[in-house]
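The block underneath contains the structure these notes are about, expressed in structure tokens.
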Amino acid sequence: MWCCGGKNFCRVEWSVNFEYTCIREVSAIHDVKIEGLSFAYKNDNRLILKDISIDVQAGTFVALLGQSGCGKSTFLRLLAGLETATAGTILLDDRPVSGASLDKGMVFQDYGLFPWMTAGENIMLALKQRFPQQDRKKLKQLALDTLNAVGLDESVYRKLPKELSGGMKQRCAIAQAFGIDPPILLMDEPFGALDAVTRARLQDLVLKLWSQENPKKTVFFVTHDVDEALLLANRIIVFGQSPSNIIYECSIPADQRPTRENQFDNPELLELRNTLIFQINKDVVSRIS
Ligand SMILES: Nc1ncnc2c1ncn2[C@@H]1O[C@H](COP(=O)(O)OP(=O)(O)OP(=O)(O)O)[C@@H](O)[C@H]1O
């Protein structure tokens, strides 16, 4: 796993701006099966997650909702192999998660780029880890292609993160993640720090990149934004808290997925939106009362 952006490669056509097949091979797809997952941090015996069980089919875009502090990031860290379950199992295609690996990529809210390296060097570092046998020229071309795919021009390759806007940095992180192409992509509030317009653009970008791939990545996307979840995901899971378990979940069939334009027109989706907001907040209300 690569914690800055995400990496691992397969043959994919990104019709965003380019197509490349030079060094990619078809990667495995991963069904995710979680059974009886419970977790407490070692320095704190309090159970954060309790008895979570879900099956997620490969290629599903899962949005994870829930109040602040309920354990969404912890859940992603367990999926990433950065933490070990206190009880229960996480299986990727029937193999238990055992530590970090290149088939799981992560994108964080704070971009995850090394500040002392240029955007290009950050991406190259990830590509080199993923393709140690490949020559530098091909990898550099791939890095430029990935930047291009996320709407950044070649000049960004030579820029340090501090010379880029928040939106550009997050585009670089997305370029890394999709460039390395992990079958599983773990995104932890990736657009939480961005303004509304940049956020909307990047939502569209991620949805476009994910939709165009075949096979598709399995994405776990943590957000506090119900509308973002409805726009991006085809499965939505709500976590309760103390300890956290799944308190609500739903799937959105392909033919009912909203677009940015009709997002607030469909009465069924509006009802689902209200239900999700209710589910997230009912825990708070019952706690306060
Ligand atoms: N390294 C750690 N050691 C001990 N407790 C931790 C650690 N990291 C997180 N926690 C605790 O675990 C709980 C869940 O935190 P987590 O960050 O997973 O929640 P979250 O749902 O992602 O929150 P947010 O939406 O605010 O990002 C919190 O009570 C937090 O204080």
Side-chain angles (χ1 to χ4, degrees), residues 1 3-6 32 34 36-54 56 61-90 97-100 104-112 166 169-170 173-174 177 184-196 199 202-203 206 218-233 235-250 273 275-288:
M1 195 212 52
C3 290
C4 290
V32 181
I34 299 174
L37 176 68
S38 295
F39 178 77
Y41 283 100
K42 289 209 170 72
N43 57 356
D44 178 359
N45 283 336
R46 189 172 47 113
L47 214 50
I48 305 292
L49 306 173
K50 188 176 178 195
D51 200 20
I52 292 177
S53 297
I54 39 167
V56 174
F61 198 125
V62 183
L64 301 171
L65 292 167
Q67 278 167 52
S68 179
C70 73
K72 303 177 296 295
S73 300
T74 302
F75 180 74
L76 284 198
R77 289 177 62 78
L78 283 154
L79 280 174
L82 299 173
E83 304 287 352
T84 307
T86 306
T89 50
I90 303 176
V97 169
S98 58
K104 291 164 260 144
M106 285 193 92
V107 181
F108 298 110
Q109 183 175 339
D110 60 1
Y111 322 120
K169 281 187 269 201
Q170 202 55 300
I174 292 167
I184 295 190
L185 189 53
L186 308 170
M187 305 185 84
D188 197 352
E189 293 185 63
F191 310 142
L194 304 176
D195 69 274
R199 186 179 183 126
L202 291 191
Q203 287 166 347
V206 164
T218 309
V219 181
F220 288 85
F221 187 104
V222 169
T223 179
H224 285 283
D225 181 343
V226 169
D227 295 325
E228 183 169 71
L230 283 166
L231 193 66
L232 297 179
R235 188 163 172 196
I236 300 178
I237 290 174
V238 181
F239 282 169
Q241 70 175 1
S242 297
S244 189
N245 199 336
I246 295 172
I247 56 171
Y248 183 83
E249 70 168 300
C250 62
R273 181 176 188 268
T275 303
L276 290 167
I277 292 169
F278 170 77
Q279 290 295 336
I280 294 165
N281 289 328
K282 78 170 183 193
D283 211 32
V284 186
V285 173
S286 64
R287 254 157 231 289
I288 291 170

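Note that ligands are numbered from 1 as they come in the structure, with each ligand's atoms numbered from 1 the same way. In this chain, residues are counted from 1 in sequence order.
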(request) Please list, by chain and number, the protein residues whose heavy atoms come under 4.0 Å of ligand 1. (result) Y41, N43, R46, I48, Q67, S68, G69, C70, G71, K72, S73, T74, E189, H224

(request) Report yes or no: does S38 contribute a side-chain atom to a donor-acceptor pair with the main-chain N or O of D51 at less than 3.5 Å? (result) yes

(message) Has K104 got a side-chain atom pairing as donor or acceptor with A80's backbone, closer than 3.5 angstrom?
(response) yes

(request) Can you sort out the partners of F39 under ring pair (Phe, Tyr, Trp, His ring centres under 6.0 Å), two or more places apart, ordered by chain and number? (result) Y41

Show which side-chain atoms of residues 187-196 pair as donor or acceptor with protein atoms under 3.5 Å away, not counting sequence neighbours.
{"from": "D188", "atom 1": "OD1", "to": "S73", "atom 2": "OG", "distance (Å)": "3.4"}
{"from": "D188", "atom 1": "OD2", "to": "S73", "atom 2": "OG", "distance (Å)": "2.7"}
{"from": "E189", "atom 1": "OE2", "to": "H224", "atom 2": "NE2", "distance (Å)": "3.4"}
{"from": "D195", "atom 1": "OD1", "to": "T198", "atom 2": "OG1", "distance (Å)": "2.5"}
{"from": "D195", "atom 1": "OD2", "to": "V197", "atom 2": "N", "distance (Å)": "3.1"}
{"from": "D195", "atom 1": "OD2", "to": "T198", "atom 2": "N", "distance (Å)": "3.1"}
{"from": "D195", "atom 1": "OD2", "to": "T198", "atom 2": "OG1", "distance (Å)": "3.2"}

(request) Would you confirm whether Q67, through its side chain, and G240, through its main-chain N or O, come within 3.5 Å as a donor-acceptor pair? (result) no

(message) Quick test of your reading: applying salt bridge (charged side-chain N to carboxylate O under 4.0 Å, His left out), list the pairs with at least one residue in residues 68-79, sequence neighbours left out, ordered by first then second residue.
(response) R77-E83

